Amino acid sequence: MDYLDSLNPEQRQAVLHDGKSLLILAGAGSGKTRVITTKIAYLIRERGYAPWSILAVTFTNKAAREMAARASSLDERAGGAMLRTFHSFGAWFLRRNAALAGLNSGFVIYDDDDAVSLLGTLMADASKAELRETATLISRAKDYFLSPEDPELDRVDYRPKFRKIYGLYEEKKRKIGNVDFGDLIKLPVEILRNNPELASRFRERFSVIMVDEYQDSNVAQFRLLSELAGETTYICVVGDDDQSIYRFRGAEVKNILEFPDRFPGTDIIRLEQNYRSFAPILNLASSVVDHNEGRLGKTLRACRIGGKKPALVFLPSQDEEASFCAELVERSTGGKKAERARYSDWAILYRTNAQSLGFETELLRRRIPYKVVGSLKFYEREEIKDALALLALVVNPRDEVAFRRVINKPARGIGGTSVEKIVAAFESGEAFRDPGIPASTGAGVPVPAEPGRSVRNPVSQAKSGVRSSGGIRAARSGAQTQFDFEDAAGRINFDTDAIDDSDKISPEEEPFPGERFRGDFSDEQGLLDAARRLVLPPKAALGIETFAAILGRVRGLLAGNGRANGGFASRRDGTDDRPANVRPGGRANGGTADKPAAGKPEAGKSPSPDLRSGEGLSVCVAVLIRDSGLAEYHTAHDEINGYQRIGNLQELVNAASLYPADTAGLLEFLEHIELDRSIEEDNRSGDFDAVTLITLHNTKGLEFRRVILTGLEQGIFPRNDKEADDLEEERRLFYVGATRAMDELYLCSCALRRMYGRTQSMLPSLFLQEADRSSLRVIGAAPAGFLSRTESHAAGARRAYGPLQSRRSSDGRWQLGERVFHDDQGYGNVAGIEEGEDGPVVKVRFDNGYETRFLSAYQSSKFTKIGNKD
DNA sequence: TAGTTTTAAGTTTTT
DNA sequence: CTTAAAACTA
């Protein structure tokens with residue numbers, strides 16, 4: 001049990017815990033990942049759980065990978081556990097049970113952009129912004145597990161119009177046969193509900209379910225969990241309500257607050273020992289988040305006593321802010337070797353991505369290496385999305401969204417009118433083929449698996465190169481039900497043979513049951529028929545023929561390889577989940593966001609943008625991009641960035657080389673891209689020493705020796721449209737940011753800031769008013785009165801800057817932050833105004849610490865308002 | 001139909 | 001200021 005020795009009593013208790021279910025409230029830096037991974041190892045070693053009976057869910061691929069790596073290092077058998085993100089688990093489940101949701105197992109996953117495009121076909125005269133908004137609402141609805149006909153849908157949007165559009169959207173998506181992100185959670189829940197027998201098989205399979213970052217789970221994810229949890233399932237969730245920062249996209253803090261109610265018999269263990277930060281840093285962070293209500297409450301204890309107090313730095317402008325940060329970094333990395341910091345010890349945190357620019361410029365100027373985390377969105381680039389749409393169309397010929405995207409790109413003379421004609425003809429089923437013949441080709445073809453046959457394939461595991469403790473699932477229970485294989489990293493081996501019938505991948509007579517669909521958008525013959533029969537401009541007809549030929553060729557290439565009928569193929573490299581060189585070249589020396597692939601021949605040098613293809617699927621991808629004319633289109637279109645775009649396309653081609661050149665490989669490639677688009681700094685940053693520039697949101701789960709929180713100004717952080725609940729979330733964001741720091745923490749607040757080309761004067765962040773002053777040291781010109789002990793922070797700041805908040809309460813009588821006097825309690829500030837059932841409720845926090853709330857309409861006469869108003 | 005000019009707007013984000 | 005989308009013209 002030596003691996004347990006390094007745990008503190010609470011951690012050990014959490015690892016050894018035995019019972020029905022467990023809620024681990026893990027404060028920042030309390031060793032939560034360590035507990036989870038150790039627990040996985042412990043359950044396998046000491047408690048005899050089969051690795052494959054353990055399911056651990058995270059929210060990001062990064063976290064999943066880290067967990068897999070750490071658990072495996074404790075016990076190599078842990079590699080056999082299923083460690084996935086919620087969505088990747090959903091996709092895994094759905095591929096195996098697609099038919100039960102009326103889907104083909106070869107579905108493609110739509111991202112938000114695709115959803116917007118799909119909506120565009122339904123709301124012809126809507127603006128882009130409206131489409132976006134609707135897409136967000138639909139996504140939110142799915143977060144709450146609400147279907148179009150659900151009465152509760154009003155919670156998301158009460159307009160009947162929304163309900164209708166949502167319904168149409170679902171209908172069309174179903175017709176196309178693809179799924180969106182929300183479906184990856186929602187559909188599995190529905191399948192499990194409607195198929196009790198299947199559900200019980202899954203409950204049998206997973207004896208242990210663990211969830212990381214549980215505070216970020218949404219309602220749908222909770223439902224999924226509930227469906228998977230049987231009477232005997234051991235559920236262990238880990239989270240920190242103070243770190244819930246994704247409410248805006250559907251995360252439901254209630255999930256963690258009410259977990260003990262939802263799963264009776266839950267034990268709660270708190271991990272409050274913080275190993276990361278020096279005491280003053282924790283004090284500061286806690287003093288701010290303490291202003292939130294509705295917390296479970298935790299007191300973090302610092303292990304690391306001493307250390308510098310966090311510095312509060314007042315700066316004249318954002319330029320000074322940038323140079324101050326650079327200065328800090330420069331000074332720390334020079335000097336005596338023994339105390340010299342590395343660039344990678346530093347992280348500069350900001351609220352919005354737009355703020356990174358100033359820091360980039362300054363660091364670039366001073367030749368300080370840096371990396372920007374999360375800003376570049378490789379897979380969201382136009383050229384990449386175009387190429388992916390072509391690929392998606394090969395996989396799913398019914399993908400109208402993809403079809404619309406690429407049919408006339410580059411221009412083939414097929415304008416809007418022609419496109420509409422084609423789509424309408426296909427939709428109405430105007431016969432291009434004999435009705436009896438299923439339209440599908442290539443993918444979209446079901447995975448072969450005979451009902452009643454139980455097949456397993458130990459070979460697939462040997463082939464993956466990593467011998468995990470794998471083997472046959474559910475051996476432990478000795479149950480007749482057995483499940484499929486996975487490789488050491490817990491990924492699916494897509495080998496057809498390895499798929500067990502018990503996961504219900506049943507052959508389908510028709511690829512899309514219940515539909516009569518006679519043409520495919522990417523079907524060569526169908527397109528040619530369309531070109532011939534529809535009344536189209538000659539140019540358009542010709543264009544369609546060209547297009548059909550391109551797709552036909554690629555499909556031919558795919559079909560020529562591997563098994564004719566596709567199915568899932570195993571990945572060449574079983575251990576690494578992701579292509580090594582997915583992203584475009586680094587910013588290895590602190591370059592700008594976009595650079596062509598380093599070390600690769602400059603595509604721009606040659607006049608014709610030829611893509612080099614390597615092995616496997618990359619051949620097909622290269623052919624597709626070349627033949628479709630996408631490369632030329634983008635070079636011609638964008639003279640400045642054209643060559644970069646070719647570089648990006650080249651990267652896509654490279655990434656594809658890790659996959660087999662058949663339909664199944666293509667499908668897998670697409671799924672991988674959709675589900676893991678975070679292009680990690682893995683390959684280049686490993687030991688690459690650079691300052692990290694990162695948004696506050698992106699820092700969750702990370703730690704740095706030295707952290708600078710920038711832009712601590714009203715309107716920036718917290719953002720200006722925040723009140724009540726939203727403000728609490730911002731406060732948690734502050735908490736998350738501050739607790740990333742191990743050794744040193746700096747808080748920057750600027751008096752002036754350029755916004756939208758205008759220079760604006762700023763006020764110090766509310767959070768600076770709330771922070772415990774005794775854990776801070778001030779650098780720079782503090783606004784007059786800010787630190788005076790004879791007046792309150794708020795009053796001092798207001799004197800220096802004018803009113804802190806000009807936001808009015810709903811009745812206009814009370815302002816947030818407003819100074820008040822009470823005959824009994826003395827001075828205080830309006831700390832919150834909330835909408836209650838009987839009108840606005842005003843919350844006052846007095847200087848003596850006492851808090852009170854009252855209805856705005858019935859305020860006591862003991863209150864006197866003081867201070868200036870606007 | 002395609003490209004150009006004008007105008008408006010400007011979070012956080014994984015999957 | 002910088003970008004994206006609507007409006008406009010060849």
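Keep in mind that the numbers below use all heavy atoms, side chains included, and drop hydrogens, waters and symmetry copies. Reminder, nothing fancy here: chain letters follow the sequence lines and each chain counts from 1. This is a predicted model, so every value here is computed, not measured.
The listed nucleotides are B:dG10, B:dT12, B:dT15; the one nearest the side chain of A:Thr352 is B:dT12. Of the candidates B:dT14, B:dT11, C:dA5, B:dT11 carries the atom nearest the A:Arg351 side chain, counting heavy atoms from C-beta on. Taking only side-chain atoms of A:Asn408, from C-beta outward, the nucleotide of B:dA2, C:dA6, B:dT12 with the closest atom is B:dA2. Counting only heavy atoms from C-beta on, A:Ala411 has its side chain closest to B:dA2 among B:dA2, B:dT1, B:dT15. Ranking C:dA6, B:dT1, B:dT12 by closeness to the A:Lys128 side chain, first place goes to C:dA6. Nearest nucleotide to the side chain of A:Thr85, out of B:dT13, B:dT15, C:dA6: B:dT15. Comparing atom distances between the A:Ser127 side chain and each of C:dA6, B:dT15, B:dT12 picks out C:dA6 as nearest.
Following rounding to the nearest Å, A:Lys62 (NZ) and B:dT13 (C1') show an atom-to-atom distance of 14 Å. Between the CG atom of A:Asp143 and the C1' atom of B:dT14 there is a distance of 11 Å, given to the nearest Å.
Side-chain contact annotation: A:Asp676 with A:Tyr379, donor-acceptor N/O pair under 3.5 Å absent.
The base of B:dT12 has none of its N or O atoms less than 3.5 Å from a complementary donor or acceptor on the side chain of A:Arg249.
An OP1 or OP2 oxygen of B:dT11 is reached within less than 4.0 angstrom by no side-chain nitrogen or oxygen of A:Thr695. Remark: A:Asn698 is not in phosphate contact with B:dT12, judged by side-chain N or O atoms under 4.0 Å from OP1 or OP2. Residue A:Asn353 places at least one side-chain N or O closer than 4.0 Å to OP1 or OP2 of B:dT13.
Evaluation of A:Phe248 against the base of B:dT12 yields a stacking contact (centre distance < 5.5 Å, interplanar angle < 30°).
C:dA5 and B:dT12 have their P atoms separated by 15 Å, with the value rounded to a whole Å. Across the C1' atoms, C:dA6 and B:dT11 are found 23 Å apart, a figure rounded to whole Å.
Aromatic ring centres of A:Tyr110 and A:Phe181: separated by at least 6.0 Å.
Within the 4.0 angstrom heavy-atom criterion, base atoms lie near A:Asp112. Residue A:Ala91 is out of contact with every strand shown, counting any heavy-atom pair closer than 4.0 Å.
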